[in-house]
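Bear in mind that the values here come from a model prediction, so they are computed numbers and not experimental data.
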Amino acid sequence: MKEFDLLCKEVEDLSDEEYSSFLREKSLKLMANLKLITDNGIEGDVAFCSFMISSVVADGKLSEEEYILMLPFLRTFFGNDTNYEECKKTISKSLKENKELKDTVDTMVDIFGMLSDELKDDAIIVCLLICSVDGKISHKEKKWIKQLIK
């Protein structure tokens, strides 16, 4: 897992320009491929969006930077009228009802079984990038993402 910690540090140290470019490139590639491996073209990307949201809030917090970056995904789940405060409350409630989070991990592990090693790496990197938008990947966020590596 030392390699994972080094990867986390590299992601945290990216410049704003590198961060944006890397996130855009990896996300577009990953989402296109996730749509290809599912029957209806939606299950894979919805599950991955769920996992990304869960990764961001694994530390029990949703920073404003994380919220802004995740807003398109959050609107998919919570509706177009969602705002930062409502979202924090909804996520807090979800964290207390831990079963949904476990189901999300189980679904992502199943989906990961269908991906190439390169796409698995891309998914991990996208999660790390999103978690690092506030400048730091917390221990709890790292622990959450590591579940996909096993």
Separation of Ile130 CD1 from Ile145 CD1 (nearest 0.5 Å): 9.0 Å
Distance in Å, Lys142 NZ paired with Asp5 CG, rounded so as to fall on 0.5 Å steps: 5.0 Å
Residue list, salt bridge (Lys or Arg N to Asp or Glu O under 4.0 Å) with Glu118, at least two apart or on another chain: Lys29
Inter-residue atom distance Glu25.CD - Leu129.CG, 0.5 Å rounding: 10.5 Å
side-chain hydrogen bond (donor to acceptor under 3.5 Å, both in side chains) involving Lys26 - partner list, sequence neighbours excluded: Asp122
Between CG on residue Leu128 and CG on residue Leu23, distance to nearest 0.5 Å: 11.5 Å
Partners meeting salt bridge (Lys or Arg N to Asp or Glu O under 4.0 Å) with Asp13 (sequence neighbours left out): Lys9
Under the side-chain contact (heavy atoms from CB on, under 4.5 Å) test, residues paired with Lys140 that sit two or more places apart: Asp59, Ser138
Euclidean distance, Lys120 NZ relative to Ile125 CD1, rounded to 0.5 Å: 14.5 Å
Residue pair Ser15 / Glu18, side-chain donor-acceptor N/O under 3.5 Å: yes
Contact check, side chains of Ile124 and Phe4, non-hydrogen atoms, under 4.5 Å: yes
Glu12: salt bridge (Lys or Arg N to Asp or Glu O under 4.0 Å) partners, not counting sequence neighbours: Lys136
Smallest separation among heavy atoms of Ala123 and Leu30, with atom names: CA-CD2, 3.5 Å
Listed partners of Asp134 passing salt bridge (Lys or Arg N to Asp or Glu O under 4.0 Å), at least two apart: none
Side chains of Tyr19 and Ser132 in contact at under 4.5 Å (non-hydrogen atoms): yes
Donor-acceptor pair, side chain of Ser20 and main chain of Glu17, under 3.5 angstrom: no
Rounded distance (nearest 0.5 Å) linking atom CG of Leu28 with atom CG of Asn33: 11.0 Å
